[in-house]
There are 2 protein chains.
Amino acid sequence: MPRKPAYDRDALIAQARDLFWRQGWAGTSLKDLENALKLKPGSFYAAFGSKDALYALTLERYADEGVARLEALAQELGPLGALKTQPRLVVEAANAPAKACMLAKTYAELSAKDHDLAQLAAIHLSRMKACFADLFRQAQAQGQIGLDHDPERLATRYQSDLLGLRLSAERGDVDARQIAADIAADLDRL
Amino acid sequence: MPRKPAYDRDALIAQARDLFWRQGWAGTSLKDLENALKLKPGSFYAAFGSKDALYALTLERYADEGVARLEALAQELGPLGALKTQPRLVVEAANAPAKACMLAKTYAELSAKDHDLAQLAAIHLSRMKACFADLFRQAQAQGQIGLDHDPERLATRYQSDLLGLRLSAERGDVDARQIAADIAADLDRL
DNA sequence: GGCTTTATTGAGCGATCACTCAAGTATATA
DNA sequence: TATATACTTGAGTGATCGCTCAATAAAGCC
């Protein structure tokens, strides 16, 4: 009896993610979303409930894809290889909406007001950090990294470096590829 | 003949900087500013012209004080000592409105829309980077760092590390002091 | 085709945004 | 004390914010 929606929900979430990623939470109005997603207000709210609910979906999508990409990279290059390659890939990603990490941008924008979305971003950041720690642990188990290092600490530092790199990569007067190379080189000295 | 303002302009700029620093540009409304600065709209606009004009003043103030603090630290501890101490000081600053760098937050929030304030923040970030490069050059001249390093590249990486550190320091589940110690330790290996 | 169910539409809601301005008040000079 | 010159006040501006909802259109099942 029912009628199917005319839109591809997954594609809309991806489009919304790109908008939010580039422009931030406050910087993206419903008018922006309606124009980009080609949805009138009524359809928008029927589909997603609210701006914040859609934003949460895009955060989820962003984090999931990030983890999946890193794990695929580790399958191909091994744990240390993935960690060493990731910084360069992030900087060279040409068709990404932005260089900076969407989770970090969200947290930076909204944490001061204790917004729910800031907490959600923090959760996903922790997930990513745990993912890094796993890779460092695997690298240790495979003898690629000395056992005298704490994987959690390495992961914390690595994530911090990556956040700085990705923020720097947004700037025009910074050679982010140099930074990426230096971060990768640091991993060789472990 | 005239009448003196009842407020201390410098103090108001510092208060506004703290608000903007914590809450960001879009996150700080004029009502917020009026409440914090105890100024009615009329007085506010007579004093500062616009929200953006005041924001620009606070960026200037933030950057100037940052440079001054670092140069004072270099006087006391020497160039390399200042660079090694700065990360710890930033993390331990207890009464700062936020850990993250105000320039970086501003740039991240507003660069996607080509806002004038994003460009201004970028200019000040470059000033800071040049300041770091100077200190690395001095450290080289004093023999504290090998001559085989490019001071500009060291400064770029150092600033990136610092931005990542300061962003990470906002999070509850990250031990930023560990990161700060690791960054300082890296400088010893140059 | 008739009926039910859902999607789409877009005018418009109250709230808040940055900001203005005319009226009132206080102060330094004459 | 009188006057000129600011500063202070706060109601109110149009624009935009996220969002609602009644009306209309379209699709699946009988």
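If you measure from atom CG of Asp52(A) to atom P of dG18(D), you get 10 Å, rounded to the nearest angstrom. In this entry the distance linking OH of Tyr55(B) with P of dC19(C) reads 14 Å, nearest Å. Atom NZ in Lys51(B) sits about 9 Å away from atom P in dC17(C), given to the nearest Å. Counting to the nearest Å, the C1' atom of dC7(D) and the CG atom of Leu37(B) are 16 Å from each other. Taking atom CG of Leu30(A) as the reference point, atom C1' of dT20(D) lies 12 Å away to the nearest angstrom. Atom NZ of Lys31(A) is separated from atom P of dC17(C) by 18 Å (rounded to the nearest Å). Rounded to whole angstrom, the span from the CZ atom of Phe48(A) across to the P atom of dG18(D) amounts to 16 Å.
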Original post:
How would nucleotides 9-14 of chain C be written as a contact map, 5' to 3', with B for base contact, S for sugar-phosphate-only contact and - for no contact, using protein heavy atoms under 4.0 Å?
Top reply: BBB---

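Here Gln159(A) pairs with Arg171(B) under the side-chain hydrogen bond (donor to acceptor under 3.5 Å, both in side chains) rule; sequence neighbours left out. The ring pair (Phe, Tyr, Trp, His ring centres under 6.0 Å) check on Tyr62(A) picks up Trp21(A), with sequence neighbours excluded. With sequence neighbours excluded, the residues satisfying side-chain hydrogen bond (donor to acceptor under 3.5 Å, both in side chains) with Arg61(B) are Asp10(B). Listed by chain and residue number, nothing satisfies the side-chain hydrogen bond (donor to acceptor under 3.5 Å, both in side chains) test with Asn35(B) (two or more places apart in sequence, or in another chain). Residues meeting the salt bridge (charged side-chain N to carboxylate O under 4.0 Å, His left out) test with Arg153(B), sequence neighbours left out: Asp182(A).
In this structure, the nucleotide among dT8(D), dC19(D), dA18(C) sitting nearest to the side chain of Tyr7(B) is dT8(D).
If you look at Phe44(B) and Phe48(B), their ring centroids are closer than 6.0 Å.
Remark: Tyr45(A) is in phosphate contact with dC19(D), judged by side-chain N or O atoms under 4.0 Å from OP1 or OP2.
Counting side-chain heavy-atom gaps under 4.5 Å among Ile, Leu, Val, Met, Phe, Trp and Tyr, the cluster of Leu167(B) also holds Leu167(A). Clustering of Ile, Leu, Val, Met, Phe, Trp and Tyr side chains at separations under 4.5 Å places Leu77(A) together with Leu73(A), Leu89(A).
Between Tyr55(A) and Phe20(A), the ring planes lie tilted relative to each other; the angle falls in the 30° to 60° range.
Near DNA chain D, meaning a heavy atom under 4.0 Å away, there are no residues from residues 8-29 of chain B.
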Scan nucleotides 23-25 of chain C against the protein and return all N/O pairs shorter than 3.5 Å with their distances rounded to 0.1 Å.
residue: dT25(C); atom: O2; partner: Arg3(B); partner atom: NH1; Å: 3.0

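Listed by first and then second residue, the side-chain hydrogen bond (donor to acceptor under 3.5 Å, both in side chains) pairs involving residues 80-91 of chain A are Lys84(A)-Asp188(A), Arg88(A)-Glu92(A) (not counting sequence neighbours). The list of side-chain hydrogen bond (donor to acceptor under 3.5 Å, both in side chains) pairs with a residue in residues 63-82 of chain B, not counting sequence neighbours, reads Arg17(B)-Glu65(B), Asp64(B)-Arg127(B).
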